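To keep things clear, I will list the structure first and then write my remarks on it.
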Amino acid sequence: MKIALCTELRNAEWFESRLRSLFAGDGQLVIDELWNEKQLSQALRRSRYHAVVIAMTGARGLEAAIQAKQLAPEVPLVWWSDDENFALIAYQLRIPAFLSIDCSDQELYEAMEPIRKRRYGNANCAMQL
């Protein structure tokens, strides 16, 4: 599974470790760490992903989420934000998983489970990468 993780540098290791523990059984897990919207847009233009995870604060997270939806509308998106007021915007953008920055491991698992099922239930998805 290949995931684009766009997060601010100070949070990258913490978010990546949570994702790695969630996908512990996947020996082929690749997480591309991206630290801003520009890196995210470049990555989405050059690579294909099973999921995009955005964990950024404030308007930067919003901008990254909008950009990801525009560049890769078919790729599942999980948006972690420090501002729960963005939940309505996430709904309007049809982002299926919006999480508060302090979400529990269970909430993260529930948000990522459809992506895991899609990945393992759809052989074509894995072969396209």
Side-chain angles (χ1 to χ4, degrees):
M1 173 171 284
K2 189 171 182 181
I3 297 175
L5 171 61
C6 187
T7 187
E8 294 156 327
L9 185 58
R10 68 177 186 266
N11 296 329
E13 188 175 305
W14 184 78
F15 285 109
E16 183 177 346
S17 68
R18 289 184 82 181
L19 288 171
R20 288 201 182 281
S21 68
L22 186 64
F23 292 94
D26 188 338
Q28 298 177 358
L29 178 63
V30 174
I31 298 176
D32 287 347
E33 291 181 14
L34 311 160
W35 296 290
N36 57 52
E37 306 88 275
K38 183 178 180 180
Q39 287 182 346
L40 176 64
S41 68
Q42 291 170 348
L44 290 174
R45 285 186 175 102
R46 74 173 183 264
S47 296
R48 294 187 55 165
Y49 292 96
H50 289 97
V52 174
V53 177
I54 296 171
M56 300 182 80
T57 58
R60 290 187 64 208
L62 172 61
E63 291 171 15
I66 290 170
Q67 192 171 73
K69 271 311 250 189
Q70 290 173 343
L71 293 173
E74 73 287 349
V75 177
L77 175 61
V78 175
W79 181 11
W80 263 316
S81 178
D82 64 334
D83 188 341
E84 293 184 8
N85 293 319
F86 287 135
L88 179 58
I89 296 170
Y91 175 78
Q92 292 169 337
L93 292 172
R94 297 179 187 222
I95 296 172
F98 179 87
L99 301 167
S100 66
I101 213 88
D102 60 349
C103 72
S104 68
D105 288 340
Q106 182 63 34
E107 289 170 315
L108 175 60
Y109 176 82
E110 289 171 5
M112 296 299 291
E113 185 60 16
I115 296 166
R116 293 180 70 220
K117 285 182 180 178
R118 179 178 173 194
R119 158 67 162 103
Y120 297 117
N122 184 352
N124 290 338
C125 182
M127 293 178 71
Q128 290 173 357
L129 292 177

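As the structure is a prediction and not an experimental result, all values here were calculated from the model.
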Give, for atom [atom1] of [X] and atom [atom2] of [Y], the distance between the pair rounded to the nearest 0.5 Å.
X	Y	atom1	atom2	answer
Trp35	Leu5	CH2	CG	9.5 Å
Lys2	Ile31	NZ	CD1	12.0 Å
Leu99	Ser81	CG	OG	10.0 Å
Tyr49	Leu40	OH	CG	8.0 Å
Leu62	Gln67	CG	CD	11.0 Å
Gln28	His50	CD	NE2	9.0 Å

Hey, can you pull the donor-acceptor pairs under 3.5 Å for the side chains in residues 83-94, sequence neighbours left out?
| unit_1 | atom_1 | unit_2 | atom_2 | d |
| --- | --- | --- | --- | --- |
| Asp83 | OD1 | Asn85 | N | 2.8 |
| Asp83 | OD1 | Asn85 | ND2 | 3.1 |

(message) If hydrophobic clusters are built by linking Ile, Leu, Val, Met, Phe, Trp and Tyr wherever their side-chain heavy atoms come under 4.5 Å apart, do Val30 and Phe15 end up in the same one?
(response)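 In one cluster with Val30: Phe15, no.
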(message) If hydrophobic clusters are built from ILVMFWY residues whose side chains come within less than 4.5 Å, do Leu29 and Tyr109 share one?
(response)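 Yes; tracing contacts between hydrophobic side chains, which count when under 4.5 Å, links both residues.
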Report, one line per pair, each donor and acceptor closer than 3.5 Å where one atom sits in a side chain of residues 17-25; sequence neighbours left out.
| unit_1 | atom_1 | unit_2 | atom_2 | d |
| --- | --- | --- | --- | --- |
| Ser17 | OG | Glu13 | O | 3.3 |
| Ser17 | OG | Trp14 | O | 2.8 |
| Arg18 | NE | Asp105 | OD1 | 3.0 |
| Arg18 | NH1 | Cys103 | O | 3.4 |
| Arg18 | NH2 | Cys103 | O | 2.9 |
| Arg18 | NH2 | Ser104 | O | 3.3 |
| Arg18 | NH2 | Asp105 | OD1 | 2.8 |
| Arg20 | NE | Glu16 | OE2 | 2.8 |
| Arg20 | NH2 | Glu16 | OE2 | 2.9 |
| Ser21 | OG | Ser17 | O | 3.4 |
| Ser21 | OG | Arg18 | O | 2.9 |

(message) Please determine whether side-chain contact (heavy atoms from CB on, under 4.5 Å) holds for the pair Val75 and Leu44, giving the CA-CA distance in whole Å, both sets of side-chain angles, and the decisive distance to 0.1 Å.
(response) CA-CA 10 Å; Val75 177; Leu44 290 174; 5.7 Å; no
(request) List the steps, then state whether side-chain contact (heavy atoms from CB on, under 4.5 Å) holds for Leu71 with Ser41. (result) CA-CA 7 Å; Leu71 293 173; Ser41 68; 3.5 Å; yes
(message) side-chain contact (heavy atoms from CB on, under 4.5 Å), that's the test. Do Met56 and Glu37 meet it? Break it down for me.
(response) CA-CA 10 Å; Met56 300 182 80; Glu37 306 88 275; 3.7 Å; yes
(message) In the structure I gave you, are the side-chain heavy atoms of Ile115 and Ile3 within less than 4.5 Å of one another anywhere?
(response)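 Of all side-chain heavy-atom pairs linking Ile3 with Ile115, none is under 4.5 Å.
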(message) If you compare all heavy atoms of Val78 against all heavy atoms of Ala111, which two are closest, and at what distance to 0.1 Å?
(response)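 So the two residues come closest at CG2-O, 4.4 Å.
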(request) Identify the heavy atoms of Ile54 and Gly61 that sit nearest to each other, and give their distance. (result)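 For Ile54 versus Gly61, the nearest heavy atoms are CG2-O, 4.0 Å.
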(message) Go through it in stages, so that I can follow the logic: the residues are Trp80 and Thr7, the test is side-chain contact (heavy atoms from CB on, under 4.5 Å), and I'd like the CA-CA distance, side-chain angles, deciding distance and then a yes or no.
(response) CA-CA 9 Å; Trp80 263 316; Thr7 187; over 6 Å; no
